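Everything below concerns the one structure shown next.
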Amino acid sequence: MSNIPYIVGNWKMNGARSMLSEARAIDRAAARFPKVQVALAPPATLISAMREAVQDIGVGGQDCHAEVSGAFTGDISAAMLVDAGADFTIVGHSERRAMHGESDAVVRSKAEAAQAAGLSVILCVGETEAQRDTGKAEEVVAKQLKGSLPRGEAAAAQLAVAYEPVWAIGTGRVPSVKDVRTVHKSIRAQLVAAYGEAGSDVRILYGGSVNADNAAKLMAVDEVGGALVGGASLTADGFTAIIGAAGLADEA
Ligand code: PGA
């Protein structure tokens, strides 16, 4: 596994041009931690301006359509994200799966379209609270991976997987270190089964209520190769503390 942690901020439907100053401050902070890979996924309306505003960090989309172009009102293709200056996109976030009815097959087609357009992909998976309570977390995540991992020779090289328990997103609740380790190990096994040796290099991020206080603990867990951060990525102060924690965990 790449030992450079990958810390990604997902701004969701938050942010206007006035927030580019936060992105600039995050970019400056990231430059102080060359052993941490940092990226932001702002709303699509900000990708191009953010790309211009920052130097060191990656800039990406939060979703893309599986088709290149056409009559899909309101949607954005991977090629358009590239054109706007994105270098990656998130796909399969639980908010897309739940609120836009995205199936594993749809998520896979988006991931494959994104990679075909030259983007790297952060593929999100994670169980609901009811699924965790009935002991089905690993099974649910395995099924999501089976149905949504992009296929193809080079797919693993441009991929990160984000394990985001739905019940931990935006709630301030995080799974125990033991539970994170268990699910991440099982994701690793699936990646190796799907891609062979290349599957051992895919970074597996943890997401769901990551903040300055819990980041160091989570980053130190086996097979946690970074974090996908929502709320705490909206300010430079909050996000920089997480980048710093990942930088220190890497040195330890
Ligand atoms: P959160 O969101 O950090 O606000 O819990 C994480 C995510 O949805 O990616």
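Every heavy atom of this structure was used, including side-chain atoms; hydrogens, water molecules and symmetry mates were not. Numbering of ligands and ligand atoms starts at 1, following listing order. Bear in mind the structure is a predicted one, so any value in this text is a computation, not a measurement.
The distance from atom NE2 of H93 to atom CG of L228, rounded to the nearest 0.5 Å, is 6.0 Å. R96 CZ to Q62 CD: the interatomic distance, rounded to the nearest 0.5 Å, is 9.0 Å.
A 6.0 Å sphere centred on CZ of R173 holds more than 12 heavy atoms belonging to other residues, nucleotides or ligands.
Using a 4.0 Å cut-off between a side-chain N of Lys or Arg and a carboxylate O of Asp or Glu, E95 and K12 qualify as a salt bridge.
Residues P150 and A155 come closest through the heavy atom pair O-CB, 3.5 Å.
Note on ring orientation: taking the six-membered ring where Trp is involved, the planes of H184 and Y206 are tilted (angle from 30° to 60°).
Using a 4.0 Å heavy-atom criterion, the residues that approach ligand 1 are N10, K12, H93, E164, A168, I169, G170, G208, S209, L228, V229, G230, G231.
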